[in-house]
Every structure is written in C-alpha cells, then in structure tokens.
Amino acid sequence: LEDFYTRLLEFTVTDRGQLAGPKGPMELVFLSRDPDEHHQLVLVSGRPRELAFNPINQISLKKRSLATLCAMYRTLIAEGLPGI
C-alpha cells in the first residue's frame, strides 16, 4: 500500500513507527501530501487475514480540476487495479 500511495497518489512518507499489537509489533507508515501536516493518512500492518470485512469506510482526496481527476483515473486504469 505504501507504494500505491507514494507512487500513484503522490503522498510522501513523513514518519515511521511501531505500535504494540495483540500479536506483536505493528508497523506504522505516516503519509501526507501537505508539507504543513505530519500525516493525512496512516498505514498500519497486522490486519488479520480472516477479517471478513474492509475496516476502511471511505477516503476522500481533493484534486485541482476535473482534468486532473481524469488524468489520475487514466493512471489507475493503466496500473490495472481491480475495481477501477
């Protein structure tokens, strides 16, 4: 996921860390597109494989224009991402 957010959505890794989890340490990656914000998104390892649902309900991102949004859509299509 880090590659997806940094390469395709142009986020920057601002920090990394660890958090104690029920099955050992979980890795955290902090990401931002705004240099004034430490993070806008945090990726955390350790999601149980048997979890029957996606714990993320929604992530909203802003683009400057419809043309910019269309260019991003074409980039995602070119990556062959499922569901796009």
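Values below: every heavy atom of this structure, side chains too, minus hydrogens, waters and symmetry copies.
Partners of L19 according to the side-chain contact (heavy atoms from CB on, under 4.5 Å) rule, which considers only residues two or more places apart in sequence or in another chain, are M26, L28.
Two residues are said to be in side-chain contact when any heavy atoms from C-beta on lie closer than 4.5 Å; L41 and F30 fail this criterion. Annotation: side chain of V29 is not in contact with side chain of V42 (no heavy-atom distance under 4.5 Å). Using a 4.5 Å heavy-atom threshold, the side chains of L61 and M72 count as separate. Considering only heavy atoms from C-beta on, Y5 stays 4.5 Å or farther from E10 through its side chain. For the pair F11/L43, no side-chain contact is recorded, criterion being any heavy-atom separation below 4.5 Å from C-beta on. Residues T14 and L31 have side chains not in contact (no heavy-atom distance under 4.5 Å, counting atoms from C-beta outward).
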Take H38 and D15 through the test side chain to side chain donor-acceptor pair (under 3.5 Å) and record every step on the way to the result. CA-CA 8 Å; H38 177 266; D15 207 352; 3.1 Å; yes
Tell me, with the steps shown, if R33 and T12 meet side-chain contact (heavy atoms from CB on, under 4.5 Å). CA-CA 6 Å; R33 290 181 50 122; T12 298; over 6 Å; no
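If you take OG on S32 and NE2 on H39, they are separated by 9.0 Å, rounding to the nearest 0.5 Å.
In this structure, S45 contributes its side chain and E27 its backbone to a donor-acceptor pair below 3.5 Å.
The pair R74-E79 does not meet the salt-bridge criterion, since no charged nitrogen lies less than 4.0 angstrom from a carboxylate oxygen.
A 6.0 Å sphere centred on CZ of R64 holds no more than 12 heavy atoms belonging to other residues, nucleotides or ligands.
Under the 4.5 Å side-chain contact rule for hydrophobic residues, L9 and L69 do not share a cluster.
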